Amino acid sequence: MTSTTIAWLRNDLRLTDNPALSAAMRAGTRVIALYVHETAHGVRPPGAAARWWLHHSLQTLERDLAALGVELTVRTGEPGGIIADLVRDNTVAAVFWNRRYAPGEVLVDAAIKTWLINQGLATQSFGANVLIEPWDIATGQGQPYSVFTPFWKSLKQRAIALPLQQPSARLPRQPQPVDTDYREPCWAAKLGGHWYFGEVAAQRTLADFLDHRVTNYPQGRDFPDSDASSGLSPHLRFGEISPRQIWHTATMAAQMAPEKAAAIDKFLSELAWRDFSYHQLYHRGDIATEPMQPKYGNMAWREADDEFAAWTSGMTGLPIIDAGMRELWETGSMHNRVRILVASLLTKNLLIDWRRGEQWFWDCLVDSDRASNPASWQWVAGSGLDAAPYFRIFNPVTQGSRFDAAGGYVRRWVPELAALPDQWLHNPWEAPQQALAAAGVRLGVTYPAPIVDLKASRVRALEAAAALQRNDLAPKRASRIGIAPAGGGAESSA
DNA sequence: TACTAATTGCC
DNA sequence: GCAATTAGT
């Protein structure tokens with residue numbers, strides 16, 4: 001009589017440092033590695049670009065698992081029902097998984113765990129996808145952290161769990177076709193030129209970054225026309241590499257090469273931002289739908305569908321904004337600083353609800369992460385607990401001149417402006433007519449005039465924040481949560 | 001006078 | 001982080 005163990009994989013598509021998979025390999029004579037395209041209520045389905053990455057990552061994982069003698073089973077539906085079916089059809093003795101932290105996900109997993117226990121099956125969940133479990137780190141008052149810096153200081157004092165080795169192989173199996181209902185979208189070929197998938201590619205990316213590029217990271221990371229960023233985010237998103245692996249590999253590299261230690265510390269602080277986002281996701285409810293500062297529920301967001309459409313399509317008339325939005329559409333990614341710039345423009349200059357921008361990123365980014373994406377949007381929008389201050393409104397011209405002074409980034413993604421001299425590249429509407437003509441630029445024809453006046457919209461954003469504050473200080477007659485009180489800031493269309 | 005650098009207010 | 005203001009050359 002053989003017993004079967006299920007390792008239910010989610011955002012942990014790797015063999016090394018995968019406690020659920022390792023436990024399953026130890027426990028069962030037969031192991032089913034299960035991936036479910038979930039339709040359960042409360043589980044946010046991946047966006048289109050992430051779904052594309054996921055498909056290829058699963059194919060890679062399937063080959064890697066086959067070398068271990070483990071088959072990958074991919075299903076679509078409610079995970080509880082799918083696991084119940086597998087339990088019924090196989091002699092399943094145990095089900096293991098690595099934890100996830102969104103409130104809806106926690107509920108789904110808890111319900112399945114209860115069912116398994118009632119069936120008399122063994123089940124266990126493991127920490128594997130954050131540096132430290134959200135309940136294992138707290139302020140001196142025992143509260144969840146709301147400010148990053150003390151979180152980071154505290155995290156650095158902690159012993160981060162060591163990554164696990166890859167489990168040893170069983171009898172090899174022939175790979176079976178997987179995920180057969182997947183149809184490659186029409187834009188996939190375009191994205192495909194930019195990426196490698198899977199655990200091996202992730203490890204190679206990390207090694208290359210630590211060997212050759214990390215020293216330039218602290219200074220270079222702000223310049224979009226450079227390759228200073230690590231390139232690890234989509235690998236992390238799907239758990240092709242774990243944050244603990246990155247932590248320990250980088251820490252080791254810092255010990256071997258002390259001259260890199262400061263740069264590696266900066267890199268690891270950015271990795272800690274990811275953990276901080278998960279900390280917020282676990283403790284603060286669904287940060288993708290609810291502002292962490294409740295007063296932002298009363299913000300007078302504008303509808304402005306035409307302006308939102310211009311933003312999504314990279315046709316705002318603001319070159320570095322359009323460059324970023326086009327990079328996103330073409331590659332499924334966007335340089336970090338430019339993410340901040342386009343988010344600031346949307347939520348402050350255009351006063352459009354950060355959730356709409358978050359959803360666009362969710363659909364378009366291959367690395368759109370359940371915690372980092374909404375937490376970062378709330379950070380820029382000002383509704384986060386440790387957010388950028390309301391008055392930090394980025395000027396795309398100033399920022400472009402500072403961080404893309406030579407214009408390489410804008411010229412690559414906005415080629416219709418390529419012939420403009422640096423002086424006018426970030427503000428073509430201020431260029432003299434003959435400069436535009438010489439560059440073959442006709443504003444409103446070959447490239448849009450700006451859809452928003454930066455100066456006036458900045459004042460409008462400050463006024464909207466002031467209205468929020470007045471509303472917040474006013475007597476709380478409107479205890480109707482989620483309903484903007486009449487006469488508050490909600491109708492001020494400034 | 002013309003420019004830059006430093007300072008400060010901004011719910 | 002921006003922009004208006006002030007101080008400095």
Side-chain angles (χ1 to χ4, degrees), chain A residues 146-149 218-224 266 269-270 273 290-302 311 316-321 323-324 334-354 357 375-405 409-410 422-427 429-430 450-478 484-494:
Chain A
S146 55
V147 181
F148 174 73
T149 304
Q219 286 75 36
R221 62 189 295 272
D222 275 329
F223 294 86
K266 176 65 181 169
S269 80
E270 298 300 322
W273 270 101
E290 294 305 316
M292 283 183 268
Q293 289 188 53
K295 71 180 178 190
Y296 272 79
N298 292 327
M299 180 59 119
W301 302 116
R302 298 166 65 245
W311 180 82
T316 67
L318 301 160
I320 202 164
I321 302 297
M334 193 195 301
H335 187 275
N336 178 255
R337 172 154 289 268
V338 188
R339 292 188 196 199
I340 295 170
L341 299 184
V342 303
S344 171
L345 186 91
L346 187 77
T347 60
K348 301 203 167 167
N349 298 95
L350 299 179
L351 266 186
I352 291 174
D353 194 329
W354 59 270
S376 302
W377 272 93
Q378 293 217 42
W379 184 85
V380 175
S383 65
L385 295 176
D386 183 26
Y390 70 94
F391 52 78
R392 188 183 289 174
I393 301 168
F394 292 82
N395 183 318
V397 180
T398 313
Q399 291 284 314
S401 305
R402 190 171 300 161
F403 296 109
D404 189 38
Y409 183 75
V410 162
D422 293 351
Q423 186 187 4
W424 306 115
L425 188 62
H426 295 287
N427 54 341
W429 63 93
E430 290 168 341
I451 63 167
V452 64
D453 181 278
L454 294 174
K455 194 169 176 169
S457 60
R458 180 178 183 277
V459 172
R460 181 176 65 185
L462 290 173
E463 285 173 353
L468 260 196
Q469 177 73 358
R470 288 195 298 274
N471 193 272
D472 199 49
L473 295 174
K476 296 257 188 284
R477 65 185 163 81
E491 86 290 352
S492 70
S493 51

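The structure presented is a predicted model; accordingly, all values stated were derived computationally and were not measured. Chain identifiers are assigned alphabetically (A, B, ...) following the order of the sequence lines, protein sequences preceding nucleic acid strands; residue numbering begins at 1 within each chain.
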### Message
One pair to check against side chain to side chain contact (heavy atoms under 4.5 Å, CB included): A:Q399 and A:I320. What are the steps and the verdict?
### Response
CA-CA 8 Å; A:Q399 291 284 314; A:I320 202 164; 5.6 Å; no

### Query
According to the interplanar angle, ranging from 0 to 90°, do the rings of A:W379 and A:W273 count as parallel (below 30°), tilted (30 to 60°) or perpendicular (above 60°)?
perpendicular

#### Entry: Side-chain (A:K266) to main-chain (A:Q219) donor-acceptor, under 3.5 angstrom
no

### Query
Just one of A:L318, A:I321, A:T316 clears the side-chain contact (heavy atoms from CB on, under 4.5 Å) bar with A:P450, so which one?
A:L318

### Query
To the nearest Å, how far apart are A:K455 NZ and C:dG1 C1'?
16 Å

#### Entry: Length of the CG-P vector between A:N349 and C:dA3, whole Å
10 Å

### Message
How close do A:F223 and A:H335 get, counting heavy atoms only, and between which atoms?
### Response
O-NE2, 3.4 Å

### Message
Base, sugar-phosphate or nothing for A:S344? Non-hydrogen atoms, less than 4.0 Å.
### Response
nothing

### Task
Provide, to the nearest angstrom, the distance between the CZ atom belonging to A:F394 and the P atom belonging to C:dA3.
12 Å

### Query
C:dA3 P sits how many Å from A:D453 CG, rounded?
11 Å

Table of protein N/O atoms under 3.5 Å from nucleotides 9-11 of chain B N/O atoms:
{"residue": "B:dC11", "atom": "O2", "partner": "A:A465", "partner atom": "O", "Å": "3.4"}
{"residue": "B:dC11", "atom": "O2", "partner": "A:Q469", "partner atom": "OE1", "Å": "3.2"}

### Message
On the nucleotide C:dA3, are OP1 or OP2 found under 4.0 Å from the side-chain N or O atoms that A:N395 carries?
### Response
yes

### Query
Which one of A:N427, A:T398, A:V397 satisfies the side-chain contact (heavy atoms from CB on, under 4.5 Å) criterion with A:L454?
A:V397

